[in-house]
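Just so it is clear, the values below take in all heavy atoms, side chains as well, and ignore hydrogens, waters and symmetry mates. We name chains A, B, ... by the order of the sequence lines, and we start the count at 1 in each one.
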2 protein chains.
Amino acid sequence: MTEQPEAQDTAAAHYDVSRYPRPSVTVDLVIFTIGEGQLRALLVQRGQWPFAGMWALPGGFVHLDEAIHAAARRELGEETGLAGGDIYLEQLYTFGEPDRDPRTRVITVAYFALLPADVSRRLQPGSDAAAVRWFSVYDLPELAFDHQRIIAVALSRLRSKLDWTPIAFRLLPEQFTMTQLRNLYSIILDRALDKQNFSKRMLHSRTPVIEAVPNAHLTGAHRPAQLYRFVQEGRYEWGATGGDGP
Amino acid sequence: MTEQPEAQDTAAAHYDVSRYPRPSVTVDLVIFTIGEGQLRALLVQRGQWPFAGMWALPGGFVHLDEAIHAAARRELGEETGLAGGDIYLEQLYTFGEPDRDPRTRVITVAYFALLPADVSRRLQPGSDAAAVRWFSVYDLPELAFDHQRIIAVALSRLRSKLDWTPIAFRLLPEQFTMTQLRNLYSIILDRALDKQNFSKRMLHSRTPVIEAVPNAHLTGAHRPAQLYRFVQEGRYEWGATGGDGP
DNA sequence: CCAAAAGTGTTATGCTTACACCCATGC
DNA sequence: GCATGGGTGTAAGCATAACACTTTTGG
């Protein structure tokens, strides 16, 4: 029977539910951003047992009166100082091996977030002088708990979503050049991409996803580059952003 | 800080972890099968408050010393009588709105399972004369909790995985005709599929996924149909079956 | 003038789609 | 022999991949 431990019917069954031993439930966040030509994730250094001194994903407990996605967004805000709900946040997977935390049984619902490059650059990670740092996902330190695996799963999800959802734009400023966009894909997919074919795919696809910003050009050391913006053509199907669920 | 509620460091922090209020954690199962030309899901009728008399997904508590995927597989065995680990089982999503269960805070990790048509046909659902039944996913009764939504998410996941993973074969017997396979896709995707093009896609794809069984034909009312089988060409990348994780 | 980066065009390939057609069996 | 479902073939269209080329700026 649903919600019943041993498929037993008892008259007082609706009181039993709270008598069973309960695990702790946390959320852990894989916060991605693009910085200095690298895909980076935000990590915090642990101050105490277990895994004292090691780096770990930001996270925390889910409050009893709080939705899981709300806990994830709260943690995101606490960790980055970004209050707005405009940061991409998606539930990743739930990890719950009995021995993943030596203290007690802890089940963690992992989320991943995407910070636009310009946002994370303005950010003061660890403004309280705490040990909070961006790490390249291809050069991670030894991680606490099963966080290595969580990041691997997050990276895998990010990669696979890259070419069938417009998720990439959540890592870029509102306006960007074609080269920036291509570099983003190149960094995440970890392989070279043909300049022209990439551009064609983006601009001349059946349902166009980006459009040129009129009279907007990025002036730099060489020929000015056209600026593009993402176009949401009537609400795109995102994975899961604001609410709780896909 | 990870695993800490308020990002505070205290000396006795490793004792604090178990003092915080903890939610109950369950697993709920969306068990799919193909029966009588329909995509069906297994439901159980609730005997008590809350939602007494209504239909719900099979599920139960995660034991404290038990991995989540182990709990899901245990429930699958209890509900279907199938002990083997050869049934496809994949973590779907974690639902945890504070009010989704009127008894107390219950977070549920939803899984979906795929039963081959021949297996579910041999099955005695509700052998203990309990109210356990297969329902067409396109004609569901009113459901308890947020189970309607869980099924919707499961169906969506099943559909999207259909054409980039060999997940369909987990719903068919080991050998099947091309028409059976096409009907399966047709039922799940809820649209007609061209006979020849479907066959071509299956047989002449770059990495072939099925192969003809030599000298095996299904004899019926008309021309005998070739039997095919799935070919795993060196361990395919499944979503998540046995272990815990994608 | 020249290096560097932006942007354009052309061809080949391969998968998908839409159809038209033949084959084998039971009644 | 004929209805029914199983199986094969072909041509058009679209998207991608590979690659050579022109344009525009700053120094």
Just to verify, what does [X] make a side chain to side chain donor-acceptor pair (under 3.5 Å) with, not counting sequence neighbours?
{"X": "A:S186", "result": "none"}
{"X": "B:R201", "result": "none"}
{"X": "B:Q175", "result": "none"}
{"X": "A:D190", "result": "none"}

Residues from residues 178-188 of chain A lying under 4.0 Å of DNA chain C - heavy atoms: A:T179
Sequence-distant partners of A:F176, ring-ring contact (aromatic ring centres under 6.0 Å, His included), two or more places apart: A:F169
ring-ring contact (aromatic ring centres under 6.0 Å, His included) against B:Y185, all qualifying residues, sequence neighbours excluded: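 ring-ring contact (aromatic ring centres under 6.0 Å, His included) check on B:Y185 returns B:F198.
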Range on DNA chain C touched by chain A - first to last nucleotide, heavy-atom distance under 4.0 Å: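 Footprint of chain A along DNA chain C, 5' to 3': C:dA4 to C:dT10.
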Per-nucleotide protein contact string for nucleotides 19-26 of chain D (B base, S sugar-phosphate only, - none; heavy atom under 4.0 Å): BB--BBBS
Rounded interatomic separation in angstrom, taking CZ from A:F198 and C1' from D:dA15: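 Distance, rounded to whole Å: 16 Å.
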Spacing between B:H204 atom NE2 and D:dG7 atom P, to the nearest angstrom: 12 Å
Test salt bridge (Lys or Arg N to Asp or Glu O under 4.0 Å) applied to A:R229 - qualifying residues, sequence neighbours left out: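 Testing A:R229 for salt bridge (Lys or Arg N to Asp or Glu O under 4.0 Å), a comparison that skips the adjacent residues, returns A:E211.
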Flag, side chain of A:R159 to backbone of A:I188, donor-acceptor distance under 3.5 Å: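 Between the backbone of A:I188 and the side chain of A:R159 there is a qualifying donor-acceptor contact (under 3.5 Å).
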Any pair counted as salt bridge (charged side-chain N to carboxylate O under 4.0 Å, His left out), so long as it reaches residues 30-40 of chain A, sequence neighbours left out: A:E36-A:R40
Scan the side chains in residues 212-226 of chain B for donor-acceptor partners under 3.5 Å anywhere in the protein, sequence neighbours excluded, and list what turns up.
none

